[in-house]
Amino acid sequence: MRTDPAAAGLTQSMLAIVRRELLLSLRRIGDLTTPLVFFAIICTLFPLALGPSRELLALIGPGIVWVAALLAQLLTASSIFRQDFEDGSLELYILAGHPLAALVVAKVLAYWLITGLPLTLVSPLLAVGYQLSGEAVWVLMVSLALGTLVLSLLGALGAALTLASRQGNALLSLLVVPLSLPVLIVGARAVALAATGGVAAAALKLLAAGALLGIVLAPLAIAPALRIAVD
């Protein structure tokens, strides 16, 4: 069976982008630690301030964790394409001969691995402070894994639309936060249902559907926005 050279070249290019972004993040350690530290601080302070009431913590804990995850990703969302825009790499992506939308998928995946995945992995440790059950912690991890991917796609869209603007950070927040509210509500609802003995499967399926839809549609909107910013 013969392999399509174009498809093989695109796959290699996408893997190279992911590898490059991960290596650069190790050199810029702040890209890894800033969202994670911010997320941990927000999630830790609320249980200390609210006291040991199990019922109260289980009630508001899911919402706090999800708001903290959204804000943590917003801290670095504006940098998704910033360095590529400044050093000329973005122009090379456009001229590479591969679909720009596919290369955008690789960039967003790398961003999620740098920001969203660490938040997901550390969430069980922070969930202890909210006295969540084992089932709720599992749902929290799954919902964050799916939800942070959607938030990464929305952040990339906002970053592309504001790339050439001097007020990019402020505009990005105004664009991304309203679009993120459905993800925030569904994700927090899934954890709250699991914490109270309910069934969170429907909410998780909705997040999964949103992630799949975002992977398909968001790059198609991001690609022309990047071309406009470069032009």
Side-chain angles (χ1 to χ4, degrees), residues 10-11 13-40 43 65-84 89-90 93 100-124 126 139-163 172-173 175-177 179-180 182-184 186-188 190 204 206-223 225-226:
L10 176 59
T11 301
S13 297
M14 293 176 68
L15 292 176
I17 289 174
V18 173
R19 189 183 308 113
R20 173 179 179 268
E21 293 300 317
L22 294 178
L23 290 175
L24 287 176
S25 70
L26 294 177
R27 298 178 184 177
R28 304 190 305 265
I29 197 65
D31 291 351
L32 287 170
T33 59
T34 299
L36 193 59
V37 170
F38 179 85
F39 180 68
C43 292
V65 173
W66 265 94
V67 170
L70 169 61
L71 296 178
Q73 287 209 290
L74 281 177
L75 286 177
T76 56
S78 62
S79 65
I80 297 176
F81 304 109
R82 178 63 58 184
Q83 183 174 355
D84 294 329
S89 298
L90 193 55
Y93 293 157
L100 183 57
L103 302 182
V104 166
V105 171
K107 285 283 295 184
V108 175
L109 177 60
Y111 175 73
W112 177 80
L113 291 173
I114 295 168
T115 59
L117 183 60
L119 298 185
T120 301
L121 295 178
V122 79
S123 61
L126 302 175
V139 171
L140 175 64
M141 290 189 67
V142 175
S143 64
L144 280 177
L146 296 170
T148 52
L149 177 56
V150 180
L151 295 179
S152 296
L153 290 163
L154 294 175
L157 177 59
L161 291 172
T162 60
L163 189 56
L172 187 146
S173 298
L175 287 172
V176 173
V177 170
L179 295 175
S180 302
V183 181
L184 193 72
V186 174
L204 293 178
L206 192 57
L207 285 175
L212 291 175
L213 191 63
I215 290 174
V216 173
L217 296 181
L220 298 179
I222 294 170
L226 293 177

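- Here the closest heavy-atom approach between residue Leu36 and residue Pro118 is recorded as CD1-O, 3.6 Å.
- Note that CZ of Arg20 and CG of Leu22 are 11.5 Å apart. Values are rounded to the nearest 0.5 Å.
- Heavy atoms only, all atoms of each residue included: Gly187 and Ser143 are closest at O-OG, 4.2 Å.
- Across every non-hydrogen atom of Leu100 and Ala223, the tightest pair is CD2-O, 3.5 Å.
- Taking CZ of Arg27 as the start and CG of Leu24 as the end, the distance is 6.0 Å to the nearest 0.5 Å.
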Please lay out, stage by stage, how Thr115 and Leu119 fare under the test side chain to side chain contact (heavy atoms under 4.5 Å, CB included). CA-CA 7 Å; Thr115 59; Leu119 298 185; 5.6 Å; no
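- Sequence neighbours left out, the pairs with a member in residues 147-160 that pass side chain to side chain donor-acceptor pair (under 3.5 Å) are Gln73-Ser152, Trp112-Thr148.
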Leu163 and Leu226: CA distance, side-chain angles, deciding distance, side chain to side chain contact (heavy atoms under 4.5 Å, CB included) verdict: CA-CA 8 Å; Leu163 189 56; Leu226 293 177; 4.0 Å; yes
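- Note that CG of Leu154 is 10.5 Å distant from CG of Leu175, once rounded to the nearest 0.5 Å.
- Judged purely by atom type and a 3.5 angstrom limit, Lys107 uses its side chain to pair as donor or acceptor with the backbone of Ile80.
- Rounding to the nearest 0.5 Å gives a distance of 5.0 Å between CG of Leu144 and OG1 of Thr120.
- Rounding to the nearest 0.5 Å places CG of Leu151 at 10.5 Å from CG of Leu179.
- The shortest non-hydrogen separation linking Asp84 to Tyr93 is OD2-CE1, 3.7 Å.
- Heavy-atom minimum distance, Leu153 versus Ile215: CD1-N, 3.5 Å.
- Looking only at side-chain heavy atoms (C-beta outward), Val108 and Pro219 stay at 4.5 Å or farther from each other.
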Please evaluate residues Leu103 and Ser13 with respect to the criterion side chain to side chain contact (heavy atoms under 4.5 Å, CB included), reporting the C-alpha separation (whole Å), side-chain torsions for both, the decisive distance (0.1 Å), and the verdict. CA-CA 8 Å; Leu103 302 182; Ser13 297; 4.2 Å; yes
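- Heavy atoms only, all atoms of each residue included: Ala102 and Met14 are closest at O-CE, 3.4 Å.
- Using a 4.5 Å cut-off on side-chain heavy atoms (C-beta onward), Leu109 and Ile17 make no contact.
- Leu74 is linked by a side-chain contact (heavy atoms from CB on, under 4.5 Å) to Leu70, Leu71, Leu172, Val176, Val177, counting only residues two or more places apart in sequence or in another chain.
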